[in-house]
Each structure stands twice: as C-alpha cells, then as structure tokens.
Amino acid sequence: MAADEPLVLGIETSCDETGVGIVRGTTLLADAVASSVDTHARFGGVVPEIASRAHLEAMVPTIERALKEAGVSARDLDGIAVTSGPGLAGALLVGVSAAKAYAYALGKPLYGVNHLASHICVDQLEHGPLPEPTMALLVSGGHSSLLLAPDITSDVRPLGATIDDAAGEAFDKIARVLDLGFPGGPVIDRLAKEGDPAAIAFPRGLTGPRDAPYDFSFSGLKTSVARWIEAKRAAGEEVPVRDVAASFQEAVVDVLTRKAVRACKDEGVDHLMIGGGVAANSRLRALAQERCERAGIRLRVPRPKLCTDNGAMVAALGAEMVARNRLPSDLELSADSSLPVTEPHVPGAAHPHSHAHSHDHDHVHEISKDNLYS
C-alpha cells in the first residue's frame, strides 16, 4: 500500500444496508455496515420508506465508525464516492445527499458511481487489479447479469440479464412459500446442504437452443417449485423442505454457472468474476469452481462479506476513478434508480468543486464538525 494511492470513502445506500467503506488504492482500510434487514423481515421484504429512514439515522454514525476504523481524518480523503444508482430511489437519495454534503464541506471531489460496476470492482480489494477485460456474473436480490468490462471506470457492456425475477428474488420467494422467513438465500443454502439436489427435477429456464444464450429467467422455476409444494400440501403429504431447497438451488446455480462459462468461452476471456449477494451462496461457488476448472477459466469471487452490499465496493470504484483521472460528478448529482450499467459513473462538467486539489477551499474548511454533522 503506497501513501500516494488515492484515499477514498464510499457510501452505499441502494437498498437496506447503510455501507461506508474506506480504501487506499486497492487496500481496504474500513468496511462499516449498518443493516436494517431485521426491521424488514416481519414484512417479508424490503419496505422502501423504512429503508430510507434507517439510512438517515445510520449515516453519520457509520461514517464516523469507518473513519475511526481506518485511522484517518475526513480531511485526509482524496475523494467521496457514492452509489447514485440503480436502487431504491429514496434510499439512494439519502446516500447521495450525504456524499454531496461531505464533499462540499471538505472541499473534496465527488464521484457518483454505478452499483453494479461497484460489485465488480470490489474484487480488487481481495485479488488485486482486475484483468482487462473482466467477465462478471452479478447475482443479487435485484440483478442477475452477465457483464463484460474492458475498463471498469468507463466501459461496461451487458451481455445478458434476467428477463423477470432475479436469482436472489427467487430465493426469497421460495423461502416465503416454505415459511423460512426473510432473507431467503442464507437459510435455503443452509438447508440445501442436508438435502438431495437431484431429488426433484425442477426446470432450467432459458436453456433451449433458440433461447437467448446469456439471458436468465427464474419466474417459471419459482412457479414450478411453488406448485410442487402446493400439490404436496393439498395431498396432505409432508413437504421435504431440505430436498426442495437443494433441488431449487441446484436449478438456479446450474443455469447461472453454465451461461457464465459459455460467455467466457465465446468472448475468449480466461477468467470469471462472480459478485452480488447471491455470490455468497456456497453451492454457486462450488459449482462455478468445478466448471471453471474444467474449462480452464480462473475464478475470482470475493469473500462473502464483500459480495453483499457494502461501502467498500463503492470506495474501490471511486479510488479507481481517482487513479485514472476520471472527471468527478457535479454537486448537482442526483439519485437515479434506473442508472444503466453502461454508465459506471456520472461525470459532471468541470467546475470549481469538481477536482481533487482545489486551490482555495479555506472558507469551506471553516465549517465545524458540529455543523457538518447536524
């Protein structure tokens, strides 16, 4: 870790996690997270208004915790990065507003970055600089995407995406049908280890010869599993929860890994990066490793904590923006709930507040900590 590498704070509030990370170059210094998932659990899913209010309450304490953990002062930062989209509009707005306030008060450049591109870039904190191009499979509650990134800061190309339910969304819905609570991914992963993945032949969506080679569909699978469970219950039979979990999970990860390996082969890319919350799934990791080894592809998967939403991934992409001299965002930066993955960041027009070393921010530096946090 070199002292001249960019020191960047990242803020992530796209859903129900308030994440604040601090990195220097590709070295992680702090990863503070305040989650409101327990609050949403009784509703069976994320409630946007509750998530927004939780972000508002957690923001300043989480930033303070990250700075303390990293052992740095806010004035030492070279930039502030924030998820500007995609995500829940109200939740994003809290993070963007906080980032703009800190950037202005501290006289630091602001970088509005893409949530999906951040999920790819976080792997730099685990395995070093990303190969170029990078092939990435992103799987989460809101996204299932195959992306080719020749340059993570400026050139991300979508090869395929889900046409209906995302993989994580399907996990949550099946967990609900099985009365396993929310979120569904971790509990299905745990129960599946005790079940038989070949017990029930659930369908594999979009795997026919005429289907889109890199797109995903989990809606039919979800319906098939739900009807199978309903039929068992209607007949008065006990539902073999562990076998259902294992067979359902196998259907999901089979399609994800098969299409990802195919994309690598077709594009001539000899490695695969997997990110997003579902990348923490143990069976997805194992099957991907097995298929990648067979195909001569190197697999890169961050540790589970870096797969779920966090501020470290935003800081990682922000540091890369600084290192490559990408134009910062304007202070007029807005939250964009449908920001396309083809826009890794939102550059603004150059103005006095949008470069790393402003000539005169003394009037800004006079703002006290109390005023900044009030």
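No hydrogens, no waters, no symmetry mates; every other heavy atom, side chains included, goes into these values. Given the structure is predicted, the values throughout are model-derived calculations rather than measurements. Numbers for residues simply follow the sequence, beginning at 1.
Separation of atoms OG1 (Thr62) and CD (Glu69) is listed at 11.5 Å; rounding is to 0.5 Å. Between atom SG of residue Cys121 and atom CE of residue Met313 there is a gap of 10.5 Å, rounded to the nearest 0.5 Å. Rounding to the nearest 0.5 Å places CG of Leu77 at 6.5 Å from NZ of Lys108. With values rounded to the nearest 0.5 angstrom, Thr83 atom OG1 is found 6.5 Å from His115 atom NE2. Residue Leu299 holds its CG atom at 9.5 Å from CG of Leu137, rounded to the nearest 0.5 Å. Residue Phe182 holds its CZ atom at 12.0 Å from NZ of Lys173, rounded to the nearest 0.5 Å.
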* Given side chain to side chain contact (heavy atoms under 4.5 Å, CB included), test Asp336 with Ser84 step by step and report yes or no. => CA-CA 6 Å; Asp336 184 351; Ser84 56; 5.7 Å; no
* **side chain to side chain contact (heavy atoms under 4.5 Å, CB included) between Met135 and Leu159, intermediate numbers included** => CA-CA 10 Å; Met135 180 68 73; Leu159 299 182; 3.7 Å; yes
* To do: Show your working on side-chain hydrogen bond (donor to acceptor under 3.5 Å, both in side chains) between Glu320 and Thr153 and close with a plain yes or no.
  => CA-CA 7 Å; Glu320 199 62 29; Thr153 65; over 6 Å; no
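Proximity of Leu7 to Leu29: side-chain heavy atoms (C-beta onward) are separated by under 4.5 Å at one or more points. Looking at Val314 and Tyr111, their side chains never come closer than 4.5 Å, going by heavy atoms from C-beta outward. Side-chain atoms of Val252 and Leu221, non-hydrogen and from C-beta on, do get closer than 4.5 Å to each other. At least one side-chain heavy atom of Arg300 sits under 4.5 Å from a side-chain heavy atom of Leu130. Residues Leu93 and Ser52 fail the side-chain proximity criterion, which asks for heavy atoms closer than 4.5 Å. A heavy-atom distance below 4.5 Å is not found between the side chains of Pro328 and Leu110. Looking only at side-chain heavy atoms (C-beta outward), Pro302 and Cys307 come within less than 4.5 Å of each other. In this structure, the side chains of Gln289 and Ile274 stay at 4.5 Å or more apart for every pair of heavy atoms.
Looking only at atom types and distance, the side chain of Asp164 has a donor-acceptor partner in the side chain of Ser217 under 3.5 Å away. Side-chain N/O atoms of Ser14 and Glu12 include a donor and acceptor closer than 3.5 Å. Checked by atom type, the side-chain pair Ser282/Asp189 shows a donor-acceptor distance below 3.5 Å. With hydrogens and angles left out, the side-chain atoms of Asp16 and His55 include no donor and acceptor closer than 3.5 Å. With 3.5 Å as the limit, one finds a donor-acceptor pair spanning the side chains of Asp151 and Ser154.
More than 12 heavy atoms of other residues, nucleotides or ligands shown are found within 6.0 angstrom of CZ on Arg258. For Glu237, the CD atom sits in a packed shell: over 12 heavy atoms of surrounding residues, nucleotides or ligands are nearer than 6.0 Å. Heavy atoms from other residues, nucleotides or ligands lying under 6.0 Å from CZ of Arg53 number 12 at most.
Between Ala319 and Val23 the shortest heavy-atom distance is CB-CG2, 3.7 Å. Taking every heavy atom of both residues into account, Arg204 and Val255 meet most closely at CG-CG2, 3.5 Å. What you find for Ala167 and Leu256 is that their closest heavy atoms are CB-CD1, 4.3 Å. The two residues His271 and Cys264 come nearest to each other via the heavy atoms O-SG, 3.5 Å. Between Ser140 and Ala166 the shortest heavy-atom distance is O-CB, 3.6 Å. Between Leu9 and Ile63, the shortest heavy-atom distance links the atoms CD1-CG2, 4.2 Å.
Using a 4.5 Å cut-off between side-chain heavy atoms of Ile, Leu, Val, Met, Phe, Trp and Tyr, with links allowed through other members, Val8 and Val122 fall into the same hydrophobic cluster. One hydrophobic cluster holds both Val269 and Val139 under the rule that ILVMFWY side chains link at heavy-atom gaps under 4.5 Å. The cluster map of Ile, Leu, Val, Met, Phe, Trp and Tyr, joined by side-chain heavy atoms under 4.5 Å apart, puts Ile22 and Leu106 in the same cluster.
The backbone N or O of Ser73 lies less than 3.5 Å from a partner atom in the side chain of Asp76, making a donor-acceptor pair.
Classification of the Phe202-Trp228 ring pair by plane angle, with boundaries at 30° and 60°, yields perpendicular. The aromatic rings of Phe218 and Phe216 sit parallel, their planes meeting at an angle under 30°, below the 60° perpendicular limit.
Among Leu339, Val156, Ile152, Asp155, the one residue that satisfies the side-chain contact (heavy atoms from CB on, under 4.5 Å) test with Pro344 is Val156.
Remark: Glu194 engages Arg242 in a salt bridge, criterion side-chain N to carboxylate O under 4.0 Å. A salt bridge links Asp254 with Arg291: the distance from a Lys NZ or Arg NE/NH1/NH2 to an Asp or Glu carboxylate oxygen falls below 4.0 Å.
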